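The structure appears right after this line, and notes come after that.
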Amino acid sequence: MTTGTAETTATEGMTASQAALEAVFDAAVAADERIEPRDWMPDAYRAGLVRQIAQHAHSEIIGMQPEANWITRAPSLRRKAILMAKVQDEAGHGLYLYSAAETLGTSRDELLDKLHSGRQKYSSIFNYPTLTWADVGAIGWLVDGAAITNQVPLCRCSYGPYARAMVRVCKEESFHQRQGYEALLALSRGTEAQHAMAQDAVDRWWWPSLMMFGPPDDESTHSAQAMAWKIKRHSNDELRQRFVDIAAPQAESLGLTLPDPDLKWNEERGHYDFGPIDWDEFWNVLKGNGPCNEQRLSKRRKAHEDGAWVREAAAAYAGKHDGRHGNDNHGRDDAHGRHDEQHTHTHGEAGA
Amino acid sequence: MTARTTTGDAGATTVPAATLALGDDALVLAQRLGEWAGGAPVLEEEVALANIALDLLGQARVLLSLVGDEDELAYLREERAFRNCQLVEQPNGDFAHTIARQLYFSTYQHLLYRRLAAGDSPLAGLAAKAVKEVAYHQDHAEHWTLRLGDGTEESHRRMQAACDALWRYTGELFQPLDGLDLDTEAMERAWLDSVTAVLGRATLTVPPGPRTGAWSAGAGRQGLHTESFGRMLAEMQHLHRSHPGASW
Amino acid sequence: MTTDGWPLWEVFVRSRRGLSHTHAGSLHAPDAEMALRNARDLYTRRMEGVSIWVVPSTAITASSPDEKDPFFEPSADKPYRHPTFYEIPDGVKHL
């Protein structure tokens, strides 16, 4: 159904009816209408969306790992509960996004295969290690902060299912950044050792967070077409600047510094200036040479492989027992009136 | 942080020993389930296991706070001071072991909290809320027991092995809890009936072995734990203990 | 479309009593019972619902976008179905 990297397909060998369909599509995008799964769309639009949504979904799933690394060691029960809920949300967000990708005709199995075999990427930020507890705070504040800056405009993306998934994600993520900031604040105002831990984490996460917005506009391969199709609403550099402008004063309130001697307010531009980003590091991590690339991917593969017998068992059981009617609800006293509506089969409305 | 002691001071409850035991059960099982994060067999189950862990952690925080400061109790006690049953501290193993542990424990917890919710102990209020959570945990465990037991040959073998391996930790659940007026014998009969029925439907056999360990000194409720528990605590406590007096 | 033989399900959630079930998204599950539970865990983590329906995605029959015009256009020229079509003198109440 999709045709790889074809910016070519839209124009080559186009028939008259295709041109008419494309005109309808272009008009819908121009009028800020949403494209829905069964609408005609250019192959390259579909392929570009699958690539972007899949990468986004993979990032949520791989992104669970650096934070899950601290669930068992969280320093208070309150922090443990918050972190568990946050990592759980990330699994949920991955699911919303895989669902959105599936509406384009690509199954989750296919996407996971591509992730596991390295043919699809996830955000490079998750190839950095979480070395101390403060990294959990820094991820919440900086990494989630950068992600939110990227994601809020996606709520208006031209593809309906992706936009709707992002509305849900953004709504749920609003607590992620705040918990990170609060955790860092507790450290910054805590003992000397805690303050140092927080500063160290911010020093390590600042630059990779800025890289999350992707390469500079003049080197970004997919940007122009994605902007034209309103999959993307703002350029990489524009979003990066927006993030720096938000984060710089927040760092001051935290009582922490950002590791950039060139960072300062520019009255004339009305923005913060900031120093050059080490793009060599970015490309290098992207290529697989980051501190955790191998580790993240093998952990993901292992979870998938170790779970195969479980998924097969459930499928086999469903086959034996006719998937629509699990044979539950026998022989249990139900004194608390649980599940009364669950076993009622519905008619009509949902399928209409 | 309050200045309550951590050694079983009565605090706000009149049944501190039982409250501590139930709080430790919930805390330790939440900790074990938390180890699954990022490693579940399928993404949907990632969300389900975290839900259960969060429910349990919430129960633990309420229970421990009735006895003292939740963090002092969780992070500053040594292994021998924990009163959780040995069942909940057992390592996750494969998914079958986790589900067998969930089945045995949530069936017990559901019976327990239903009785507590209906009674007039200081834990009645807490139990009334927890019983709904626990009913869902039991439902989850039963559904997976059916699917693993009656799924493929491999899943059947794994699930039977898990049920057998954990069976010896289930007798301890029905030791009387100090200060709680529970008919533990009736609970044990109900537990056996329920678990037997589920295992039967799952085409699994009720394990033949004894339901208690061979050590007369006792088990978790007496502060005697299995070896893996110390490592679990070391991991859980090390950061908190590395920064004495710090706030987080 | 399956994940290791787990079909796709559409999830509909009633957010509170008095409202219809609304499409919330989809998920994979081996059977209906597990689909309900997965839906509960995934789509009502924040008290978003009081009731859930799950429907196998393959059971949904949808109108085709190609049928767009004959399906929906005819209703566009019947403005007399809408209350705003009618002019009522100012001051007439409860109408």
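For clarity, every value in this text was computed on a predicted model and none was experimentally measured. Below, chains carry the letters A, B, ... as their sequence lines are ordered, and counting in each starts from 1. Values reported hereafter were calculated over all heavy atoms of this structure, with side chains retained and with hydrogens, waters and symmetry mates removed.
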Handout entry: chain A contact via B:Gln237 - which portion, at a heavy-atom distance below 4.5 Å
Key = neither
Fill in the blank from the handout: Honestly, the part of A:Ser76 sitting under 4.5 Å from a heavy atom of chain B is both
Handout entry: Criterion side chain to side chain contact (heavy atoms under 4.5 Å, CB included) on A:Arg108 and B:Val42, from CA distance to verdict
Key = CA-CA 11 Å; A:Arg108 197 207 295 177; B:Val42 65; 4.2 Å; yes
Exercise for the section: Please state whether the side chain, the backbone, both or neither of B:Leu57 comes within less than 4.5 Å of a heavy atom of chain A. Expected result: side chain
Problem - chain A contacts, top residue of B:Asp94, B:Ile99, B:Asn51 (heavy-atom pairs, under 4.5 Å) - result: B:Asn51
Exercise for the section: Compare every heavy atom of B:Glu235 with every heavy atom of A:Arg73, then report the nearest pair and how far apart it is. Expected result: CG-O, 3.3 Å
Completion exercise
So, the part of B:Ala60 with a heavy atom under 4.5 Å from chain A: the answer is neither
Practice task
Indicate the atoms forming the closest heavy-atom contact of A:Trp70 with B:Leu239, along with that distance.
Solution key: CZ3-CD2, 4.0 Å
Handout entry: B:Trp144, part contacting chain A, at a heavy-atom distance under 4.5 Å
Key = side chain
Completion exercise
Under 4.5 Å to a heavy atom of chain A? For B:Ala74 that would be side chain
Exercise for the section: Side chain from CB out, backbone as N, CA, C, O: work out which of these in B:Asp193 comes under 4.5 Å of a heavy atom of chain A, or both, or neither. Expected result: neither
Practice task
For A:Lys302, look at atom NZ and say whether over 12 heavy atoms of other residues, nucleotides or ligands are found less than 6.0 Å away.
Solution key: no
Practice task
Verify, without hydrogens or angle tests, whether B:Gln31 (side chain) and A:Thr72 (backbone) share a donor-acceptor contact under 3.5 angstrom.
Solution key: yes
Practice task
Determine whether more than 12 heavy atoms belonging to other residues, nucleotides or ligands lie under 6.0 Å from atom CZ of B:Arg241.
Solution key: yes
Problem - Atom group of A:Ile62 that falls short of 4.5 Å from chain B, counting heavy atoms - result: neither
Handout entry: Residues, nucleotides or ligands: over 12 heavy atoms within 6.0 Å of A:Arg301 CZ
Key = yes
Practice task
Mark yes or no for whether A:Arg311, through its side chain, and B:Pro41, through its backbone, hold a donor-acceptor pair below 3.5 Å.
Solution key: yes
Exercise for the section: Flag the one option from B:Ala30, B:Gly151, B:Ala50, B:Ala96 with the top tally of heavy-atom pairs under 4.5 Å to chain A. Expected result: B:Gly151
Handout entry: Per-residue contact mode, A:Arg78 against chain B (heavy atom under 4.5 angstrom)
Key = both
Fill in the blank from the handout: In terms of heavy-atom contacts, A:Lys80 and B:Tyr75 come closest through CE-OH, 4.0 Å
Handout entry: Between CZ on residue A:Arg189 and OG on residue B:Ser247, distance to nearest 0.5 Å
Key = 12.0 Å
Practice task
Compare every heavy atom of B:Ala53 with every heavy atom of A:Met84, then report the nearest pair and how far apart it is.
Solution key: SD-CB, 3.8 Å
Fill in the blank from the handout: Looking only at A:Ala74, A:Pro75, A:Ala313, most heavy-atom pairs under 4.5 Å shared with chain B are made by A:Pro75
Handout entry: Atom group of A:Leu95 that falls short of 4.5 Å from chain B, counting heavy atoms
Key = side chain
Handout entry: Intermediate values then yes/no, side chain to side chain contact (heavy atoms under 4.5 Å, CB included), A:Leu77 and B:Leu27
Key = CA-CA 9 Å; A:Leu77 296 187; B:Leu27 172 64; 3.7 Å; yes
Practice task
Could you verify whether a donor N or O on one side chain and an acceptor N or O on the other, from A:Glu312 and B:Thr152, lie under 3.5 Å apart?
Solution key: no
Completion exercise
Scanning both residues in full, the closest heavy-atom pair of A:Met64 with B:Gly38 reads CE-N, 3.9 Å
Fill in the blank from the handout: Bottom line for B:Leu49: the part with an atom under 4.5 Å from chain A's heavy atoms is neither
Completion exercise
To the nearest 0.5 Å, atom CH2 of A:Trp309 lies from atom CZ of B:Arg157 at 9.0 Å
Completion exercise
Smallest heavy-atom separation, A:Ala91 atom then B:Val47 atom, equals CB-CG2, 4.0 Å
Exercise for the section: Check step by step if side chain to side chain contact (heavy atoms under 4.5 Å, CB included) holds for A:Asp306 and B:Phe95. Expected result: CA-CA 9 Å; A:Asp306 288 354; B:Phe95 190 64; over 6 Å; no
Practice task
With a 4.5 angstrom heavy-atom cut-off, could you sort out which part of B:Arg158 is near chain A: side chain, backbone, both or neither?
Solution key: side chain
Practice task
Let me know if A:Val87 has heavy atoms under 4.5 Å from chain B in its side chain, its backbone, both or neither.
Solution key: side chain
Exercise for the section: Could you walk me through whether B:Asp150 and A:His321 pass side chain to side chain contact (heavy atoms under 4.5 Å, CB included), step by step? Expected result: CA-CA 10 Å; B:Asp150 193 14; A:His321 295 271; 2.7 Å; yes
